[in-house]
Amino acid sequence: MSAKLVDWYDRHRRVLPWRSPPGERADPYHVWLSEIMLQQTTVAAVGPYFRDFLARWPTVAHLAAADLDDVLRAWAGLGYYARARNLHKCARVVAADHGGRFPDDEEGLRQLPGIGAYTAAAIAAIAFDRPAAAVDGNVERVLSRVFTVWEPLPASKPVIRDLAARLVPDRRAGDYTQALFDLGATVCTPRKPRCMLCPWAEFCLARADGVQEQLPAKAAKAEQPTRYGVAFFVTDRDGNVLLRRRKEQGLLGGMMEVPSGDWTAAPADIAAALARAPVGAAPWRTLPGAVRHTFTHFHLHLIVVAGRVDMAPPVPDGVWVPPDRLGAEALPTVMRKVVRHALVHLTGGGASEVG
DNA sequence: GAGGCGTGGCT
DNA sequence: TAGCCAAGCCT
């Protein structure tokens, strides 16, 4: 069964920036970097970031020597920013404690920051050809179907992990692992799987029963709440914009923001919010409309107020940034929306260099 | 173990 | 449109 999948992979393998040519083993640094970026993130989104990182930091030693803020800037827009902080931390550990070489087995990899059970197995298999079972969303979907696992995720994870471990071949474990990813991405897709093209069709119990589109079963998700806030777009006499670094932990940790107050369950009282503005400005102007953004677990509705100060006062964790430099800052997408919203209303449409 | 943690593309 | 989904990790 595993051999059939590897045969299929030899004929249909996708060319991806982090993959080695057939028969060659990939650079562990490339494998690691791509696996971290690919966590909960699409291949299409990762491509440009992977190339940029590799061009800028060609080895793990280069990355270890980088400033964290430069890494955050380069990561801006990719999301799940704890990954970037752990990426940097991991590079430093590998450089300092492992002589610049990644551990070559699952257990050693698992000890590193940002590397969990899945990623440790994926790197062990792909970079070192170890017979490790890398179980991600693709594998869960494929195996749920092939073996008609009706128990909903995530409760079914242990069962699926056992199935996955039994299937990994001793030879060409790396190619087998990537074959499973390709199968999930191009054939055994979440919706409308292309069973006619599947190398495992003859083994698939879901297909035999015609229930492939009903699997994997998943537990119902909770409804997402909406939170409300006010963002302060402050400029000084020279047009510099006030940004502030967020605290290290939690949402958008370590990234820059257009200063905003707490995000609350009820729509913001503008007057009350102004009392907690990061600087004194007069008059504050409430811009029409709002910025909407959806995070993993809530919707955000942000009113933007604009103000100007004559002299740029020091602000805790704040920096005053020239407008043409905003694009290079470590601004997450939601904050780029805020900047764009403000510039559109203040300048009448210009300034699109924010990302 | 369940919830926090981004974003963009697709239907 | 609004929801679903993507090569998960950490606490």
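A note on names: the letters A, B, ... follow the listed sequences, proteins ahead of strands, and every chain is numbered from 1. Quantities reported herein were computed from a predicted structural model and do not represent experimental measurements.
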Proximal nucleotide (of [options]) relative to the [X] side chain:
X: A:T296; options: B:dG6, C:dG8, C:dA6; result: B:dG6
X: A:T119; options: C:dG8, B:dT7, C:dA7; result: C:dG8
X: A:R110; options: C:dC9, C:dA6, C:dC10; result: C:dC10

Selection: residues 183-197 of chain A, any non-hydrogen atom under 4.0 Å of DNA chain C
A:P190

Can you check whether [X] has a side-chain N or O nearer than 4.0 Å to OP1 or OP2 of [N]?
X: A:R141; N: C:dA6; answer: yes
X: A:H297; N: B:dC5; answer: yes
X: A:Y81; N: B:dT7; answer: yes
X: A:T333; N: B:dG8; answer: yes
X: A:Q40; N: C:dG8; answer: yes

Using a 4.0 Å heavy-atom cut-off across all strands, classify [X] as base, sugar-phosphate, or nothing.
X: A:R14; answer: base
X: A:P113; answer: sugar-phosphate
X: A:A117; answer: sugar-phosphate
X: A:L252; answer: sugar-phosphate
X: A:V46; answer: nothing
X: A:G253; answer: nothing
X: A:W18; answer: base

Sole residue of A:R13, A:R19, A:R172 in side chain to side chain donor-acceptor pair (under 3.5 Å) with A:Q178:
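Answer to the side chain to side chain donor-acceptor pair (under 3.5 Å) test with A:Q178 among A:R13, A:R19, A:R172: A:R19.
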
Is the base of B:dG6 touched by the side chain of A:T41 through a donor-acceptor pair closer than 3.5 angstrom?
yes

Using only heavy-atom distances, decide whether a donor-acceptor pair under 3.5 angstrom links the side-chain of A:T42 to the base of B:dG9.
no

State which residues pass side chain to side chain donor-acceptor pair (under 3.5 Å) with A:R227; sequence neighbours excluded, sorted by chain then number.
none

Only counting residues at least two apart or in another chain, list the ones meeting side chain to side chain donor-acceptor pair (under 3.5 Å) with A:H301.
none

Separation of [X] atom [atom1] from [N] atom [atom2], in whole Å?
X: A:L16; N: C:dA6; atom1: CG; atom2: P; answer: 17 Å
X: A:M335; N: B:dG6; atom1: CE; atom2: P; answer: 11 Å
X: A:K337; N: B:dT7; atom1: NZ; atom2: C1'; answer: 9 Å
X: A:F298; N: B:dG4; atom1: CZ; atom2: P; answer: 10 Å
X: A:N86; N: B:dG6; atom1: CG; atom2: C1'; answer: 15 Å
X: A:H293; N: B:dT7; atom1: NE2; atom2: P; answer: 4 Å
X: A:L38; N: B:dT7; atom1: CG; atom2: C1'; answer: 14 Å
X: A:R19; N: C:dA7; atom1: CZ; atom2: P; answer: 12 Å

A:D105 CG to A:R110 CZ distance, which is reported to the nearest 0.5 Å:
13.0 Å

Given the side-chain rings of A:F295 and A:H297, with only the six-membered ring counted for Trp, is the space between their centroids under 6.0 Å?
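A:F295 vs A:H297: aromatic centres not under 6.0 Å.
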
Taking the six-membered ring for Trp, is the centroid-to-centroid distance between A:F102 and A:W32 below 6.0 Å?
yes

Nearest nucleotide by nearest heavy atom, which residue falls closer to the 5' end of DNA chain C, A:G114 or A:S34?
A:S34

Work out how far the P atom of B:dG8 is from that of C:dC9, and round it to whole angstrom.
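Result for the P pair: 22 Å, nearest Å.
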
Gap in Å between the two P atoms, one belonging to C:dA7 and one to B:dT11, rounded:
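The same atom, P, in both gives a distance of 16 Å.
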
Could you check whether [X] pairs with [Y] (Lys NZ or Arg NE/NH1/NH2 to Asp/Glu carboxylate O, under 4.0 Å)?
X: A:E106; Y: A:R130; value: no
X: A:K192; Y: A:E213; value: no
X: A:D162; Y: A:R166; value: no

Is_stacked (A:F295, B:dG6) at 5.5 Å, 30 deg:
no

Solution key, residues 251-263 of chain A side-chain donor-acceptor pairs under 3.5 Å, sequence neighbours excluded:
residue : atom : partner : partner atom : Å
A:E257  : OE1  : A:R246  : NH1          : 2.9
A:E257  : OE2  : A:R244  : NE           : 3.3
A:E257  : OE2  : A:R244  : NH2          : 3.1
A:S260  : OG   : A:W263  : NE1          : 3.1

Tell me the stems DNA chain C sits in, counting at least three consecutive Watson-Crick or G-U wobble pairs, each under 3.5 Å on both distances.
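Stem segments, range with range: B:2-5 with C:8-11, B:7-11 with C:2-6.
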
Going by atom types only, do A:N138 and A:R141 share a side-chain donor-acceptor pair under 3.5 Å?
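Their side chains do contain a donor-acceptor pair, which is all the 3.5 Å distance test asks for.
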
Which atom pairs, one a donor and one an acceptor, fall under 3.5 Å between side chains of residues 116-125 of chain A and the rest of the protein, sequence neighbours left out?
residue : atom : partner : partner atom : Å
A:Y118  : OH   : A:E35   : OE1          : 2.8
A:T119  : OG1  : A:Q39   : NE2          : 3.0

